[in-house]
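All remarks here apply to the structure that follows.
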Amino acid sequence: MGGQITITLPDSSTVAAERGESIHAILGKIGAGLQKAALAADVNGVPVDLGHAVENDASLKAITFESPLGKEIFWHSASHLMAQAVRRLYPDAKFAIGPSIEGGFYYDIDMGSALVPEDLAKIEKMMETIVAEDLEVRREEIKRADAIKMFSDAGEIYKVEMLNEMTDDVVSIYRQGEFFDLCRGPHVARTSRLRAVKLLSLAGAYWRGDEKRKMLQRIYGIAFPDKKQLDQHLAFIEEAKNRDHRKLGRELEIFSFSNAVGAGLPLWHPNGAVLRYILETFSTEEHLKRGYKLFGVPHIAKADLYRTSGHLDFYTENMYSPIRIDDQDYYLKPMNCPSQIQIFKSSIKSYRDLPFRGFEMGTVYRYERSGVLHGLTRVRGFTQDDAHIFCSEEQLEDEIKNVLDFTLYMLGVFGFTERNIYLSTRPEKSVGSDRNWDLATSALKNALESNKIAYTIDPGEGVFYGPKIDIKIKDAIGREWQCSTIQVDFNLPERFDVNYIGSDGQKHRPIMIHRALMGSMERFIGILIEHYGGKFPVWLAPVQVVLINVSDAEAGAAEELRLRLLGLGFRPEADRRDESMGYRVRDAIARKVPYIAVIGKKEVADGTVSVRRLGENKSVPMKNEELVDTIRADVENRR
RNA sequence: GCCCACGUAGCUCAGUCGGUAGAGCAUUUGCAUGGUAAGCAAAAGGUCACCAGUUCAAUUCUGGUCGUGGGCUCCA
């Protein structure tokens, strides 16, 4: 039954098509370029294959690699391609799931024998062969019962398990050559579209993410429509590798770990310790400016404190074994709040004392499973820029607004102006009344909205005692990191029976806000190292300027200037080593020191230095005073 | 914690199919007094992560422990 149908394009223009014509053919009528670029299409809001036949009037939008959905389809097709290659090389392999992810795709595979990294090259080669075979990728719809038979005949136990859990009568299968896989689709039309593929790594992953179930082998990969894009992506991976804080941390002598001290327990070397000092001082001063009071609490506290707070019930798996002192159990503190609450409670508080904001660079110790430790970003002992605000219900929203402003200001100082904000709502396992949850959630929501901050709701991701706002920042090369968190808590004031006297002379329960802006100093510094690629701005640089004398004759002048700068509170170094100038310049550059100031005969005579900025390969003469002013201006402007 | 890989000098890495090890850089010491990304030379530096087992002999083989990396789960 022939006839014409009308296809509406995103710009509202229309194209006439034959009933039952394929998307591919219809796109050809619109333009050869679009036909070539399209991977799939969106028909009436549903993504479909290019081979899909359009039977009725419809809206149509081509999906290309440029869109997130296009990438998803492309990478998902690449994961099928990889599975086909694995199947050819290892006929006994059983496939679990193989989705696309943010930066590529993976497939979880149950293999008889373990793969080694060298096998990836073999698989890659086979993938290239299949791409060259230019196989057609075809969709088939079959009865679920038939699919179960088909996959169980093939020994695909994981697919059978998935099929058994589905409720649809009909499922879709994609075939390319001899290979077939259970898949919703859509997929690219031919294997030749997957021109540039690369397998990146190998890892273990539990079937269904459940650690009680079988560990499968996961192969990660990436694919692009052309080689150039792949090369760009590989260059990005390389760049990220060069910025790795674990590598830079060692090279720049910022921190290290020692087997003798313990896993996940960072040691701060002078360069890192001074960096921490600068950040902590900066943060503390900013808090004081905003009316926070300083708190300070010990690293251990009695078991009863954590029994009252609920940590021994809700947080034990993160706490270390108790320390026995005089027949009493003490715990290393996993959080600062219970101890800090004791400070608030030490005297009767009036409503006039609220909001009461207590701040502390508080060190906490949390047990992390050995496999999750990662440089500075995941450690077992860390210090937070932690504060707890005690306020009344009426003050809650304003306080949250203040905290939001404060957070965005702090992050902005480091150039973290791009960020994603998430509002996490009540989880299944939680405490507290519906009223309190609603109150807290809407306070967070209103604060975000009245500050005109865009956010995403993360349903059910709140903490057990209250909802929270998480802020994820984007670093210089676009990677996301989570640092800041703002949490509303009705629970702890209740558990500790915290109260204040209201204007009515009655006791009232304050609400607590837990918040950390930079989060863990360890993690934040790790992120900063990667964000700046080790090239810290002058105000943060552990060494701000290296003074290099040309010959021994100028050693005294270099030392004199160093002492002058040191006395002014800067961080200078004089490299008077018996090495060639070129060598010392190179060394200062390798250490990523922002300024190199050379002092020779001429400079001593003029009272100048020859200054070279990191990243430039020419130097400019400057009066000594000018160097001082330059560094001072950098520090004052935090650049 | 689990899966896989790995652990040789401060760092980056060779090497030993079982007979106790080497390079470059860094360090120290000489010489060279150098004008903006490595001057020349010499010396020193290792219980081959740790503990057991097999063996005439283990850094090498086996097992365990600790640690590291990539993931899973969890998270600041």
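In this text the structure is predicted, and so the values were computed from the model without any measurement. Each chain gets a letter, A, B and so on, in the order the sequences are listed, and its residues count up from 1.
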Using the ring of Tyr206(A) (Phe, Tyr or Trp, six-membered ring only), decide whether Arg213(A) places NZ or CZ under 6.0 Å from its centre and within 45 degrees of its axis.
no
Run the side-chain donor-acceptor check on residues 265-277 of chain A: report pairs under 3.5 Å with partners two or more places apart or on a different chain.
| unit_1 | atom_1 | unit_2 | atom_2 | d |
| --- | --- | --- | --- | --- |
| His269(A) | NE2 | Ser256(A) | OG | 2.7 |
| Asn271(A) | ND2 | Leu252(A) | O | 2.9 |
| Arg276(A) | NE | Glu280(A) | OE2 | 2.8 |
| Arg276(A) | NH1 | Glu522(A) | OE2 | 3.2 |
| Arg276(A) | NH2 | Glu280(A) | OE2 | 3.0 |
| Arg276(A) | NH2 | Thr383(A) | OG1 | 3.1 |

Would you call Glu317(A)-Arg366(A) a salt bridge at under 4.0 Å N-O?
no
Give the nucleotide from the list G70(B), U73(B), G34(B) with an atom nearest to the side chain of Ala203(A).
G70(B)
What does Lys618(A) touch in the nucleic acid at a heavy-atom separation under 4.0 angstrom: a base, only the sugar-phosphate, or nothing?
nothing
Test item: side-chain donor near acceptor, Glu161(A) and Trp207(A), under 3.5 Å:
yes
From C11(B), G1(B), A76(B), pick the nucleotide closest to the side chain of Val372(A)?
G1(B)
So Gly600(A), base contact, sugar-phosphate only, or nothing? Heavy-atom distance under 4.0 Å.
base
What integer number of Å spans the C1' atoms of A41(B) and A5(B)?
42 Å
Look at Arg246(A) and G70(B) and indicate whether a side-chain polar atom (N or O) is within less than 4.0 Å of OP1 or OP2.
yes
Any side-chain N or O of Tyr206(A) less than 4.0 Å from the OP1 or OP2 oxygen of G1(B)?
no
Out of U33(B), C74(B), G35(B), which has the shortest distance to the side chain of Ser551(A)?
U33(B)
G1(B), G35(B), A76(B): which one has an atom nearest the side-chain heavy atoms of Tyr367(A)?
G1(B)
Among the nucleotides U12(B), C74(B), A76(B), whichever has the atom closest to the side chain of Val379(A) is A76(B)
Between His374(A) and C75(B), is there a side-chain N or O to OP1/OP2 distance below 4.0 Å?
no
Heavy-atom contacts under 4.0 Å between residues 586-599 of chain A and RNA chain B, which residues?
Arg586(A), Ile589(A), Val598(A)
Do the ring planes of Phe524(A) and Phe414(A) sit parallel (below 30°), tilted (30 to 60°) or perpendicular (above 60°)?
perpendicular
Closer than 4.0 angstrom, basic N to acidic O: yes or no for Arg378(A) and Glu368(A)?
yes
Is U36(B) paired to anything, Watson-Crick or G-U wobble with both distances less than 3.5 Å, and if yes, which nucleotide?
none
Glu530(A) and salt bridge (Lys or Arg N to Asp or Glu O under 4.0 Å): which single residue from Lys535(A), Arg479(A), Arg246(A), Arg243(A) fits?
Arg479(A)
For U8(B) and G45(B), measure between their C1' atoms and round to the nearest Å.
14 Å
N/O (side chain, Ser580(A)) to phosphate O (OP1/OP2, G39(B)) under 4.0 Å:
yes
Expressed as a whole number of Å, how far does the P atom of A43(B) sit from that of U36(B)?
32 Å
Is there a side-chain polar atom (N or O) of Ser370(A) under 4.0 Å from OP1 or OP2 of G1(B)?
yes
Would you indicate, yes or no, if C72(B) has its OP1 or OP2 atom less than 4.0 angstrom from a side-chain nitrogen or oxygen of Tyr220(A)?
yes
Taking the six-membered ring for Trp, are His388(A) and Phe359(A) ring centroids under 6.0 Å apart?
no
Please check the phosphate of A26(B) (OP1 and OP2 only) for any side-chain N or O of Tyr583(A) closer than 4.0 Å.
yes
Partner lookup for C72(B), please. Criteria are Watson-Crick or G-U wobble with both distances under 3.5 angstrom; report none if nothing qualifies.
G1(B)
Check this one for me: any side-chain N or O of Arg213(A) less than 4.0 Å away from OP1 or OP2 of C3(B)?
no
